[in-house]
Amino acid sequence: VQLQASGGGLVQAGGSLRLSCLASGSIFSRARVGWFHQGPGKQREMVASISSDGRTTYADSVKGRFTISRDNVEDMVYLQMNSLKPEDTAVYYCAAVRSKIVIVNGDMYEYWGQGTLVTVSS
């Protein structure tokens with residue numbers, strides 16, 4: 001599976017962005033996909049993940065603001081980010097793992113895309 005993340009940019013606090021993750025590979029529709037972020041000087045953290053059948057999990061810091069979704073026909077996963085805060089500033093990565101259970105540890109994910117930078121100004 002190859003993943004390609006896009007959609008990052010510069011936005012003011014309170015604004016919105018939608019990140020996209022395009023996947024290639026036959027297992028994508030059966031894989032769990034997660035969005036991770038890594039801010040300056042911080043550890044990588046899972047932001048949200050979605051199972052192959054659409055069940056979602058979110059980090060507490062983004063609940064109610066971010067929405068993850070997927071389109072298994074187009075092999076796309078999206079992260080809609082609303083009410084952005086300066087602390088959301090980070091490089092965002094999409095990743096995939098062949099698992100039916102929720103996996104928060106990024107080290108367990110098998111496939112990674114390149115990051116896309118999100119900068120939220122105050």
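Numbers for residues simply follow the sequence, beginning at 1. Please read these numbers as outputs of a predicted model, since none were measured by experiment.
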What's the separation between atom OH in Tyr78 and atom CG in Asp71, rounded to the nearest 0.5 Å?
5.5 Å
Same cluster for Val1 and Val77 if Ile/Leu/Val/Met/Phe/Trp/Tyr side chains link at under 4.5 Å?
no
Under a plain distance cut-off of 3.5 Å, with no hydrogens placed, do Ser49 and Arg32 share a side-chain donor-acceptor pair?
yes
Roughly how far apart are Arg30 CZ and Ser52 OG, rounded to 0.5 Å?
9.0 Å
Less than 4.5 Å apart, any side-chain heavy atom of Thr56 and any of Arg70?
no
4.5 Å side-chain heavy-atom contact, Ser20 and Met76
yes
Whether over 12 other heavy atoms sit under 6.0 Å from Glu87 CD:
yes
Identify the heavy atoms of Phe36 and Val104 that sit nearest to each other, and give their distance.
CE2-O, 3.5 Å
Do Phe28 and Tyr93 sit in the same hydrophobic cluster, where Ile, Leu, Val, Met, Phe, Trp and Tyr count as joined when their side-chain heavy atoms come under 4.5 Å apart?
no
Salt bridge check: are Asp88 and Lys85 linked by an N-O gap of less than 4.0 Å?
no
In terms of hydrophobic clusters joined by side-chain contacts under 4.5 Å, are Val33 and Met46 together?
no
Are Met108 and Tyr111 grouped together when hydrophobic residues (ILVMFWY) are joined by side-chain heavy atoms under 4.5 angstrom apart?
no
Which heavy atom of Gln43 sits nearest to which heavy atom of Gln38, and what is that distance?
C-CG, 4.1 Å
Under 3.5 Å donor-acceptor, Gln114 side chain and Ala5 backbone
yes
For Ser16 against Ser83, the heavy-atom pair lying closest together
OG-N, 4.3 Å
Return the minimal non-hydrogen interatomic distance between Arg65 and Leu84, and the atom names on each side.
NH1-CA, 3.9 Å
Separation between CD1 of Ile68 and CZ of Arg55, rounded to the nearest 0.5 Å
13.5 Å
What is the distance from atom CE of Met81 to atom OG1 of Thr67, rounded to the nearest 0.5 Å?
11.0 Å
Let me know which of Leu79, Thr119, Val118 forms a side-chain contact (heavy atoms from CB on, under 4.5 Å) with Leu17.
Val118
Minimum heavy-atom distance between Pro86 and Ala13, given as atom pair plus value
CD-CB, 4.1 Å
Under 3.5 Å: donor-acceptor pair, side chain of Tyr58, backbone of Gly64:
no
Report yes or no: does Tyr109 contribute a side-chain atom to a donor-acceptor pair with the main-chain N or O of Ile103 at less than 3.5 Å?
yes
Quick one: CD1 on Ile50 to SG on Cys94, what's the gap to the nearest 0.5 Å?
13.0 Å
Are Val97 and Val102 connected, step by step, through hydrophobic side chains (Ile, Leu, Val, Met, Phe, Trp, Tyr) whose heavy atoms are closer than 4.5 Å?
yes
So CG of Asp75 and SG of Cys21: to nearest 0.5 Å the spacing works out to 10.0 Å
Do the non-hydrogen side-chain atoms of Leu3 and Trp112 ever get within less than 4.5 Å of each other?
no
